[in-house]
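Taking it in order: structure first as structure tokens, then the write-up.
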Amino acid sequence: MSKPIIGITSGFVKLTAFSKGDYCHRDYITSLMKAGAVPVILPIVPGPCVDQYIESFDGFVLSGGCDVNPKFFDQDPALNCGEFDTDRDEAEFQLLRGSMKAGKPVFGICRGLQVINVALGGTLIQDIPSEVDHPIQHDQKVSRKQGSHRISIHSDTELYKLLSSQDSMMVNSLHHQSIDRLGDGLHTAAYSSDGVIEAVDLVDDGLVMGVQWHPESMTVGGDQRMLDLFKFFVNTCSRKKQANLEV
Ligand SMILES: [Mn+2]
């Protein structure tokens, strides 16, 4: 069977007055290819394009990027909320909900995890340093290829199983927002020592998972367990693709 084709969402960036466009960090591409998929970067525009993406691709990575507009969880922007892109928020909510309906796997990374949570009715901590008691450093100063803080992993999760029953590990950390109240059907798969939720999966599903760290950069840094995470996702996409062909 041919390799699964995975769409990766992008962010809109302005480089100069003459250069602006749709951006996706190369590490997502490299990791998905290493895991056996064909990656495609998706320009993120709300509307009919997204529905066509869902029909055409075998799974989706919701990538990292700017903050989520707090209006989507009924809050005004806190003083330390960063820039947001409302069009991207809406397009990614549409992509997630449509993929769930169509049974296409979704892997949310960093902002992607937060998008999944808000799309399912959850709320976010808009700025960890000002809203969490005794926060650890979630905006690490070392290379994004290496882990900087520890997470604890719940033993009743896919994450625990696919990491060979490890109950803790080191992850990198490049975020200042995180999940506050969980969205419908989500449960916590991992958390850091200050109580910040670092991974979720969708109860009784196995098709939606999200992590707050950046496994794509640790994979490129040579971390085998992070590559296993991508292989798990890509294998899930292959399995679903096969099942859809047989229908
Ligand atoms: Mn973190």
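Every number for a ligand or one of its atoms is a count from 1 in the order of the listing. Throughout, numbering of the chain's residues begins at 1 and tracks the sequence. Since the structure is predicted, the reported quantities are computational estimates derived from the model, not experimental observations.
Under the 3.5 Å distance criterion, with hydrogens and angles disregarded, a donor-acceptor pair is assigned to the side chains of Asp27 and Ser217. Side-chain contact check for Glu216 and His214: at least one donor-acceptor pair (N or O, by modelled atom type) lies under 3.5 Å.
For the side-chain contact (heavy atoms from CB on, under 4.5 Å) with Leu113, the qualifying choice from Leu124, Val211, Leu62, Ile179 is Ile179, the only one to do so.
Separating the CD atom in Glu158 from the CG atom in Leu202 is a distance of 11.5 Å, to the nearest 0.5 Å.
Note on the Mn ion (ligand 1): protein N/O/S atoms under 2.8 Å are His138 ND1, His149 NE2, Ser173 OG, His175 NE2, Glu198 OE2.
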Decide yes or no on salt bridge (Lys or Arg N to Asp or Glu O under 4.0 Å) for Arg111 and Asp89, but give the supporting numbers first.
CA-CA 10 Å; Arg111 167 193 157 84; Asp89 292 341; 2.8 Å; yes

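The side-chain heavy atoms of Val171 and His149, taken from C-beta on, include a pair separated by under 4.5 Å.
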